[in-house]
2 protein chains.
Amino acid sequence: MSVTFKDVAKLAGVSTQTVSRVTNGADNVSPETRERVNQAISALGYIPNKGAQMLSRGKSKTLGIVSLDIALHGVALIVNGVRQQAHEKGYGAALSIVESNEFDRIKAAIRELASQQVDYIVINVPLTQEMAEQLVEQFTALKFMFIDVPESSKVNYVCAEHTQGAKMAVQHLIDCQRDEYILITGPNASTGSSLRLESWRYELAQHGKKIAASYEGDWEAKSGYLAIRDALARKLAFDAVLVANDQMALGVLCALSELGVSVPDRVSVVGFDNISDSAFFTPPLTTVEQDFLALGQQAVKRLLNSTEQTPHSYCQLILPTRLIARSSTSVKTKQGENAQQILNHLDKARALLQSSVQSR
Amino acid sequence: MSVTFKDVAKLAGVSTQTVSRVTNGADNVSPETRERVNQAISALGYIPNKGAQMLSRGKSKTLGIVSLDIALHGVALIVNGVRQQAHEKGYGAALSIVESNEFDRIKAAIRELASQQVDYIVINVPLTQEMAEQLVEQFTALKFMFIDVPESSKVNYVCAEHTQGAKMAVQHLIDCQRDEYILITGPNASTGSSLRLESWRYELAQHGKKIAASYEGDWEAKSGYLAIRDALARKLAFDAVLVANDQMALGVLCALSELGVSVPDRVSVVGFDNISDSAFFTPPLTTVEQDFLALGQQAVKRLLNSTEQTPHSYCQLILPTRLIARSSTSVKTKQGENAQQILNHLDKARALLQSSVQSR
DNA sequence: GTTACAAATGTTTTCGGTAACATTTGTGTT
DNA sequence: AACACAAATGTTACCGAAAACATTTGTAAC
């Protein structure tokens, strides 16, 4: 059927073991033999059989990723980070996607990866602390790294600084003299979203600010849009919106703009993530940056390092977030001058148009 | 080390072959034996070794995907479609990502997948016709399906109706009485982008319309933004922008809005893709929809079917695109009333705000 | 010219599962 | 009772590569 060592060996006039030595870069092969074997390999178009390699080597130099749907931008970036770092360390990456964080699905995905003899597993799915610990106990042959999982002293994890990031968002809005807040979270199952919500609530309470309403979204722009439409239909009073990601914030901006509510003046909006699009929203979105790529990279780096460390010491890394202030937030000005402001803005824009343009 | 058939067989008091029969669901095993084996399997936490299975079975029931970076939204959706359909047909999916469409990288990726004994390969990377045909010739043991590759009678492919979609976009702008166009494409290497550009040019020429400028973007919002900043800085005259994807169109909208150019009145903008966000841009974006998910699904469906067909008949499927008209395009009104329009809009919006809100 | 030893290469066994073939057991038929 | 035959189970060989071990060859040392 396919070309194997035997064929290569026959053509090169050597034993299969010599072929193996060449492909694995052993040093005890004479240059001429090596050359002859390499020629035979390319002449026949030999491709190694990974199954056979796995079987005889026992290990696969592969890292498994269990992840949510990669259609979510942040998730895709994390997976990219993981793949990239794995590749850098000489590991392959096998990806298994689960549609929900149902425990059985996740276990099945892990088994699937384990059957491919992966040495390490990165879990990029929101899990409870208990679930994470249980997985580590059940699959003792595997080394785990969890991304964005609640703190636990018994598992490896890397996590973004959700709490601190959410706090900065609130602090910023308070600095903008905002008093009445609408909160829009991601799905409740998401750890990151929960942490942000908790932090928003705590900080707002600390400052005695009012929460006009709280909505659960699905990370998509539409859910942000619908939340604000609802809030406006119910004539809720609010002058600030805290949103758990940038895409939902886009929906928020759209709903506010449609109904003539000026942003940032009457209502200020803060997102989360700082996706590349958010600088180009109307108005450009104030948001909290988190580095998804680094999250994935660090997960792998720490996971591979963890082997070298003393046993029963776990990696617990928290990556920083930072506030990116743009035009969707501002200190309140007096009411009723929106129209004038727009005209002013327009004049200014026209002036700008005349002058030269500096790059962003 | 790990639990194997031998361990299970010993615990269950049967031969390894019987264990194999149970795991493969053979019918000639007595219920009691089956039960005993299954208990042993779960008691020991047995996980099959895929490498060994591949080796002895010769085939892997796995489908390989060679794809561009999944951080691009459309790409991620295609990959999702492929995975989902593969899974439905009982196939696993192995993903190999290439950063560029450099031929050697792609070949390496295919070899990587071939070493995992995949039976089929879906190529989701823009290739020339020659490259595609060469791959099919070189890797005769594999069955290929190409996504978004130029027409060729010698390979399987599925493709979106780029040409027709681009034509509809132009037609729509012409209906809006637009005369001077700016074009913003994706990277030249992209087949889809090239087809759209070609179609735009052809259709505009057909109608005797002027192309004020043409820019090559990178699919990101920023490149659309910079293109328009440049066009305005150079004081180019234009009243329509054709953009090769929605994200770059976002950048276009942002640049126009910043400089006080009214959309859709003074300049109308049409995107491509209809990503879920585009309905929430300011203004909501007129765009050409393509169904990425279906593209991936059909690729797999046709690929698996192709085996059953007569040899040397190739699948050539083109999926429809359709125009989604939103508010970023309109027939021109008289100049000079922008400010008044905005005030009108504002009043209307305030009125809306008072009344009840209907859902989108 | 032996001996000692390293470099180059070959032979055998193994990994874990499955296909092909072999054997045992039980049942119905004549 | 002897036979045919199917169901249930066991035995052996094999997939492709690599580790462990074995052999040959060449060369330096005495």
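Predicted model, so just to flag it, every value in this text is computed and none were measured. Lettering follows sequence order; numbering is per chain, from 1.
- Distances shorter than 4.0 Å separate none of the side-chain N or O atoms of A:Thr16 from OP1 or OP2 on C:dG10.
- Across the protein-nucleic acid pair, A:Lys6 atom NZ and C:dG10 atom C1' stand 15 Å apart, rounded to whole Å.
- Distances from the side chain of B:Asn28 to the nucleotides C:dT11, D:dG10, D:dA8 place D:dA8 closest.
- Atom-to-atom, CD of B:Gln53 to C1' of D:dG16 comes out at 16 Å; the value is rounded to the nearest Å.
- The distance from atom CG of A:Asn24 to atom C1' of C:dT9 is 16 Å, rounded to the nearest whole Å.
- Nearest-nucleotide positions on DNA chain C place B:Tyr46 closer to the 5' end than the other of B:Arg21 and B:Tyr46.
- Closest to the side chain of A:Val29, out of D:dG16, D:dA18, C:dT9, is C:dT9.
- The side chain of A:Ser56 approaches D:dG16 more closely than any other nucleotide in the set D:dG10, D:dG16, C:dG10.
- Here B:Thr18 reaches the OP1 or OP2 of D:dG10: one of its side-chain N or O atoms lies under 4.0 Å away.
- Counting non-hydrogen atoms under 4.0 angstrom, A:Val14 reaches the backbone sugars and phosphates but no base.
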Item to check | Working for side chain to side chain donor-acceptor pair (under 3.5 Å), residues B:Gln138 and B:Gln134 | outcome: CA-CA 6 Å; B:Gln138 181 172 350; B:Gln134 199 177 323; 4.8 Å; no

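- Side-chain contact between B:Val122 and B:Phe146: absent, with no pair of heavy atoms (C-beta onward) separated by less than 4.5 Å.
- Of all nucleotides listed (D:dA18, C:dC15, C:dT18), C:dT18 comes nearest to the side chain of B:Thr23.
- The nearest whole Å value for the distance from the CD atom in A:Gln17 to the C1' atom in D:dA17 is 9 Å.
- Cation-pi check for B:Lys143 over B:Tyr120 is not met; the charged atom does not lie both under 6.0 angstrom from the ring centroid and within 45 degrees of its normal.
- Screening A:Asn124, A:Val82, A:Leu72 against A:Ser67 for a side-chain contact (heavy atoms from CB on, under 4.5 Å) leaves a single residue, A:Asn124.
- Between A:Thr33 and C:dT9 there is a side-chain N or O to OP1 or OP2 distance below 4.0 Å.
- Residue-level contact check: B:Asn49 touches the backbone only, with heavy atoms under 4.0 Å from sugar-phosphate atoms and none from bases.
- Atoms CG (B:Leu55) and C1' (D:dG16) sit 5 Å apart, rounded to a whole Å.
- The closest side-chain donor-acceptor pair between B:Glu35 and B:Gln39 falls under 3.5 angstrom.
- Between B:Met54 atom CE and C:dA19 atom C1' there is a gap of 17 Å when expressed in whole angstrom units.
- Atom CD in A:Glu32 sits roughly 16 Å away from atom P in C:dA7 (whole-Å rounding).
- In this structure, B:Phe5 places its CZ atom 14 Å from P of D:dG10, rounding to the nearest Å.
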